[in-house]
Amino acid sequence: MLENEILSQLNEEQQKAVVTTEGPLLILAGAGSGKTRVLVHRIAYLIDVIGVSPAQILAITFTNKAADEMRSRVDKIIGFGASQIRVSTFHSFCVRILRRYGDLLGYTRSFSIYDTDDQLRLMKKIFKEKQADPRTMREKAVLARISHAKDELVPPEKYAVLNPDYYGQKVAEMYKSYQKQLKENNAMDFDDLITKAVELFEQHPDVLAEVQDRYRYLMVDEYQDTNSAQFRFVSLIAGKYRNLCVVGDDDQSIYKFRGANIRNILGFEKVFPDAVVVKLERNYRSTKNILSAANEVISHNHGRKRKKLWTENPDGVKVRLRRFANGFEEAEFVCGEIAEEVRCGKRSLGDFAILYRTNAQSRLFEEKMLMASLPYRIVGGINFYARKEIKDVLAYLKTIDNAEDDLSVLRVINVPKRGIGDSTISKVSDYAASGGISFFAAVQEAQRIPGLSKGTLSKLSAFAKLMSDLSVQAEQGKISALVKAVMKESGYRDALEAEETEEATARMENLDELVSKAVQYEQKAAGEASLSGFLEEVSLIADIDNLPENEERVLLMTLHSAKGLEFPVVYMTGMEDGLFPGSMSINAENPQEEIEEERRLCYVGMTRAKELLTLTCAKERMLRGEVAASPVSRFVREIPRECIDLEGGTSPGRRPLPAAGGRDRALRDAISGGRGEEETLSFGKQFDPEKDVRYSRKSSYVNPYKKTVPPAADAAAGAPEYRVGDTVRHVKFGEGTVREITPRGNDFFVTVDFTAWGTKKMIASMARLQKV
DNA sequence: CGTAGTTTTGTTTTT
DNA sequence: CAAAACTACG
């Protein structure tokens, strides 16, 4: 590509960012300002104009999705050698280095990667050993402290010095033991991946020099999310050639809880005084109305880089605010509106995103989507790889790959049940500890362990044989074959089959999916495929990474997951003080700081919307089992009145309530911090037997266990095969009698009387009713 | 040793 | 309201 070809598609600031190839560069890229475009074009410019070899370019992102997207966009504009460019996440890039040089730090090539679950199990073990009372000190809290220490590159000894108080000393002790055991298990946790890579560079200058010479041009995306360790890591690599380009937006820093250090971006120019700073403030994504509302909200934060986004886009529709009696009605409104817009052909399902603060909120929406037969996809929640059955099988694989990983061995030794119980395990454990060998090694020489009965002994040796047989398979066959063998030989699959429950069936389907993931991995990695590689991929995958592009489904996800994405229509739900901003941040010791982080999250959410942004909230909400009254979020109140549309009566929503004036007045009061007057103003119905029943009844939504999504409705909607008076069956509601069929566009409305659920009006093509 | 039933406990957000 | 931890029993 020629120089002017590359530059002609960019605005002035973007061009400056692209042509500044040497030395430190800070790109402050506002939401929707075309930052990925700049990075991609900058790579093209480096290669085609400056003549840099693709192999010398390293681009680091936080998610695999972002890495994949960058890679494919680079592929499109660079003819040749694009595959040589290293585009990777922090974590996988570090793993790559550690697999290669980890022996210098005392790890083998096949070290295990521990996720939060594994960490917790290890910490529980340590609590037992130290005889710490989990009531006075919580495992999770200790782990959080350790994680933060690692984010700041503070090792156990230094932690002890820095925290002389009693609690700090205790944590330091645990931290030390935790690191020791990780090492003994030949394992690293997520944070270690970064800190150990830094350690490697610092202790082995020759390795660092090699990496420095290999990657002469560095780019870091989402720079505002880096923690101190990651900053150190990047600075070390860029230390020699100093070609470090970082892209970020301090207003979108939302990962403080995971160690993100906002000083990295605010102080970049202090660390690199010769840094060139480019600001991208032109937004190409949202309408003026959406942008000015978002700008207004974020302007309530202090200590940010001065920046104001602008756009040439049309004014668009005002940001809408809707308040409901409770979460059910909120979900009903959102889903109803989406169904209506899709039905009349104005929008397609893929245009919509429903965002919320906490994963728990997804359930209400999920239920309503299911009822409306709207195809949807949920991002996040329980990660596929975090499911019990998957983790069990993975623990087998980890044991095969890394027999020193006691934690994994302990996880599987009695799963499925083999009659190896606690007392046996602790005897073997003691023996291993006294001999300084791994748990699995102790199992292998169980005959030397005193106090084990003959029966127990044979159970242990059967397990040892199983694992060694599987190890042989691992040497020879393909990964997918090994995964299958593990499920079969271990008896895991048979045990599930024997259960004959619906849940067990769902689990088996998940196991099948794991096998196909293994096949996918084999295809992707081709000759490079290895068991360690597969396990690594599995550990470092985020739910968002698997999101199919352009899928015709409504997307449901947390505000955090939505970062980096955009949608024509966005619903930000649960806009209530106590939920968003969360009570945790309101009641924190430094509420100011925490609420500013929540506000940034709000800003991130708002700037996801291209055309229409709707904020919704409920007056009361079920939270941790209790109903709580919820005032409208302070963030909503920060939006100037003229940017907001409060009335709802004329909207396509099918809600006839409330009486004129009621809602508007109530809403206005609520926004301006009304003194509860709105509680007496009737908002909607006071009592609805059907709703009340639903409120208390245990959710009849079956099987959220498996990631089930209703299949997309057939596009062509012919006349239904049923008539008024027929009995039909619905996936959720069961059987009912058809009362009415009315044509709408090239589709139909069907009203059905369900015995168990009452009368429902739905869209024929989506309800997929079966004539009985 | 294993299981079923009961009590306790905990609450963002995620690589 | 959930999941996890604990307890008592077969």
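Values reported hereafter were calculated over all heavy atoms of this structure, with side chains retained and with hydrogens, waters and symmetry mates removed. Bear in mind that the values here come from a model prediction, so they are computed numbers and not experimental data. So that the names make sense, note that chain A is the first sequence line, chain B the second, and so on, each numbered from 1.
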Centroid separation [X] to [Y] less than 6.0 Å:
X        : Y        : result
A:Tyr255 : A:Phe257 : yes
A:His300 : A:Tyr603 : no
A:Tyr107 : A:Tyr101 : no

Are any of [X]'s side-chain N or O atoms less than 4.0 Å away from OP1 or OP2 of [N]?
X        : N      : answer
A:Lys417 : B:dT3  : yes
A:Ser561 : B:dT14 : yes
A:Asn359 : B:dT12 : no
A:Lys140 : B:dT11 : yes
A:Arg258 : B:dT13 : no
A:Asn227 : B:dT15 : no
A:Thr116 : B:dT14 : no
A:Thr63  : B:dT14 : no
A:Ser539 : B:dT15 : no

Other residues, nucleotides, ligands: >12 heavy atoms within 6.0 Å of A:Lys170 NZ: no
Which nucleotide in [options] has an atom nearest any side-chain atom of [X]:
X        : options                : answer
A:Ala542 : B:dT15, B:dT14, B:dG2  : B:dT15
A:Arg363 : B:dT3, C:dC1, B:dC1    : C:dC1
A:His560 : B:dG2, B:dC1, B:dT14   : B:dT14
A:Ser423 : B:dT15, B:dC1, B:dT14  : B:dC1
A:Glu598 : B:dT15, B:dG10, B:dT12 : B:dT12
A:Thr358 : B:dT11, B:dT13, C:dA2  : B:dT13

Using whole Å, what does the distance between atom [atom2] of nucleotide [N] and atom [atom1] of [X] come to?
X        : N      : atom1 : atom2 : value
A:Tyr356 : B:dT14 : OH    : P     : 9 Å
A:Met584 : B:dG10 : CE    : C1'   : 10 Å
A:Asp192 : B:dT15 : CG    : C1'   : 14 Å
A:Asp189 : B:dT15 : CG    : C1'   : 12 Å
A:Arg138 : B:dT11 : CZ    : P     : 8 Å
A:Glu594 : B:dT13 : CD    : P     : 15 Å
A:Lys388 : C:dA4  : NZ    : P     : 11 Å
A:Phe233 : B:dT15 : CZ    : C1'   : 14 Å

Result for 5'-nearest mapping on DNA chain B, choosing between A:Ile425 and A:Ala360, is A:Ile425
Tell me which of A:Gly421 and A:Leu579 sits closer to the 5' end of DNA chain B, going by the nucleotide each one is nearest to.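 Final value for this comparison: A:Gly421.
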Could you tell me how far B:dT13 sits from C:dA4 if I compare only their P atoms? Round to whole Å.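 The same atom, P, in both gives a distance of 15 Å.
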Please state the P separation for the pair C:dC6 and B:dT11 - nearest whole angstrom.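 The answer is 15 Å between these two P atoms.
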If we count only N and O atoms by modelled type, under 3.5 Å, do the side chains of A:Asp392 and A:Tyr492 hold a donor and an acceptor together? yes
Ignoring hydrogens and angles, state whether a donor on the side chain of A:Gln119 or A:Lys140 is under 3.5 Å from an acceptor on the partner side chain. no
How are the rings of A:Tyr223 and A:Phe231 set relative to one another: parallel (under 30°), tilted (30 to 60°) or perpendicular (over 60°)? perpendicular
What class does the angle between the rings of A:Phe635 and A:Phe580 fall in, given that below 30° is parallel, 30 to 60° is tilted and above 60° is perpendicular?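 Because their plane-to-plane angle is over 60°, the rings of A:Phe635 and A:Phe580 count as perpendicular.
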Verify, without hydrogens or angle tests, whether A:Asp225 (side chain) and A:Phe62 (backbone) share a donor-acceptor contact under 3.5 angstrom.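 Judged by distance alone, no pair lies under 3.5 Å.
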Looking at every strand, decide which applies to [X] at a 4.0 Å heavy-atom threshold: base, sugar-phosphate, or nothing.
X        : answer
A:Thr424 : sugar-phosphate
A:Phe580 : nothing
A:Asn414 : sugar-phosphate
A:Phe62  : sugar-phosphate
A:Asp191 : nothing
A:Ser583 : nothing
A:Gly419 : sugar-phosphate

Can you tell me if A:Tyr255 is stacked onto the base of B:dT14, using a 5.5 Å centroid cut-off and an angle below 30°? no
Pairing check on B:dT12: which nucleotide meets the Watson-Crick or G-U wobble criteria with it, both distances under 3.5 Å? none
Heavy-atom side-chain proximity of A:Ser362 to A:Met557 below 4.5 angstrom: no
Please evaluate the base of B:dT13 for a donor-acceptor partner in the side chain of A:Arg357 within a cut-off of under 3.5 Å?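 Such a pair exists between side chain and base.
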Every protein N/O lying under 3.5 Å from an N/O of nucleotides 5-10 of chain C:
unit_1	atom_1	unit_2	atom_2	d
C:dA5	OP1	A:Lys124	NZ	2.2

